[in-house]
Student: 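Handing you a structure now.
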Amino acid sequence: MPEVEVKDRNNNTVGKINLSNEIFDLPVNHGLVHEAVINYLANQRQGTHATKTRGIVRGGGRKPWKQKHTGRARAGSIRSPLWRGGGIVFGPQPRDYSYKLSKKVRKLSLRNALSAKFAAGEVIIIDDIFMDKPKTKEMVEILNNLGLYSKSVLIVLPEKNDPVALSARNIPGVDVTMARDLHSYNVVAHNILLMTKEAALMIEGSGTT
């Protein structure tokens, strides 16, 4: 089992923790992680894009000129796709891009994403991040101490913590999530995972395994 140092907010080592091989030390299947990321992004799409076909464009109900003996090409509507201001042929229409991955695939892809982060040395375990009230300055100080300020950081907490979330939301590149909401996309979308010790243990004991 991989052993990781546990840091405090001043970047001092205050202990060690053993992480599960089944979550943080797998041979990484990048294709599986990619599949989960594409699924997540597809499910976020609104699919509200639309173009107007000739049947939707306003006007064009009257035949512009008679069929024969004008010397001009036949035309049935000024809203034909061939005309300026006409409808669009085969343009995008509203649709649902979402699709499901099996629970097994989602769990395995998350474990692979965490293993990839750990192998790259991009997982930092902190003993705790506690704040009485929101204070961005204090959060910046913690990140500075850990050498993470100006980096893309995902802070993983064991449970909802409004003071921490509010303290981090104005810092560019820093996001906060709970252990149960972790998924492949937000793992790979950040350079560093800053996990509390309790959150790391929660991930090991949750449905991720």
Student: Suppose clustering is done on Ile, Leu, Val, Met, Phe, Trp and Tyr with side-chain heavy atoms closer than 4.5 Å. Which residues sit in the same group as Phe90?
Tutor: Val89
Student: Can you list the steps and then say if Lys63 with Ser77 is a side chain to side chain donor-acceptor pair (under 3.5 Å)?
Tutor: CA-CA 5 Å; Lys63 188 174 174 66; Ser77 170; over 6 Å; no
Student: Please name all residues satisfying ring-ring contact (aromatic ring centres under 6.0 Å, His included) with Phe118, sequence neighbours left out, ordered by chain then number.
Tutor: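 Phe118: no ring-ring contact (aromatic ring centres under 6.0 Å, His included) contacts found.
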Student: Please confirm whether the backbone N or O of Glu35 pairs with a side-chain atom of Asn39, one donor and one acceptor, at under 3.5 Å?
Tutor: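 No; judged by distance alone, with no hydrogens or angles, the pair does not exist.
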Student: On a heavy-atom basis, which atom in Ser184 and which in Arg106 lie closest, and how many Å separate them?
Tutor: OG-O, 4.5 Å
Student: If you take all heavy atoms of Ala75 and Trp83, which pair is closest and at what distance?
Tutor: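 Scanning both residues completely, I find the closest heavy atoms to be CB-CZ2, 3.9 Å.
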Student: Answer yes when Lys16 and Glu5 have at least one side-chain N-carboxylate O distance shorter than 4.0 Å, and no when they do not.
Tutor: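 A salt bridge is absent here (no side-chain N lies under 4.0 Å from a carboxylate O).
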Student: Check the angle between the aromatic planes of His183 and Tyr40 and answer parallel, tilted or perpendicular using the 30° and 60° thresholds.
Tutor: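 Judged by the thresholds at 30° and 60°, the geometry between His183 and Tyr40 is parallel.
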Student: What verdict does the side chain to side chain contact (heavy atoms under 4.5 Å, CB included) test give for Asn191 and Leu154, after you've listed the backbone C-alpha separation in whole Å, the side-chain angles of each residue and the deciding distance to 0.1 Å?
Tutor: CA-CA 8 Å; Asn191 297 133; Leu154 179 64; over 6 Å; no
Student: Taking all atoms of both residues into account, what is the closest heavy-atom pair of Ala42 and Tyr99, and its distance?
Tutor: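 Distance-wise, the nearest heavy atoms are CB-CE2, 3.8 Å.
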Student: Is a side-chain N or O of Asn145 found less than 3.5 angstrom from the main chain of Glu141, in a donor-acceptor match?
Tutor: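 Indeed, once roles are kept as given, a pair shorter than 3.5 Å links the two residues.
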Student: Among residues at least two apart in sequence or on other chains, which ones pass salt bridge (charged side-chain N to carboxylate O under 4.0 Å, His left out) with Arg9?
Tutor: Glu138
Student: Just jot down the salt bridge (charged side-chain N to carboxylate O under 4.0 Å, His left out) partners of Lys133, sequence neighbours excluded, or say none.
Tutor: none
Student: Is a side-chain N or O of Glu159 found less than 3.5 angstrom from the main chain of Met178, in a donor-acceptor match?
Tutor: no
Student: Checking Glu204 side chain against Ser20 main chain: does a donor-acceptor pair fall under 3.5 Å?
Tutor: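 A pair under 3.5 Å: yes.
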Student: What are the two closest heavy atoms between Leu19 and Ala200, and how far apart are they?
Tutor: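 Smallest interatomic distance, heavy atoms only, reads CD2-CB, 4.3 Å.
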Student: Could you tell me whether a side-chain N or O of Ser115 sits under 3.5 Å from a main-chain N or O of Leu26, the two making a donor and an acceptor?
Tutor: yes
Student: Please name all residues satisfying ring-ring contact (aromatic ring centres under 6.0 Å, His included) with His190, sequence neighbours left out, ordered by chain then number.
Tutor: none
Student: Check which hydrophobic residues are tied to Leu194 through side-chain heavy-atom contacts below 4.5 Å, counting indirect links as well, and list them.
Tutor: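 Answer for Leu194: Ile124, Ile126, Ile129, Met131, Met139, Val140, Ile142, Leu143, Leu146, Leu148, Tyr149, Val153, Ile155, Leu157, Val164, Ile171, Val174, Val176, Ile192.
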Student: Can you check whether Val33's main-chain N or O pairs, donor with acceptor, with Ser109's side chain at less than 3.5 Å?
Tutor: no
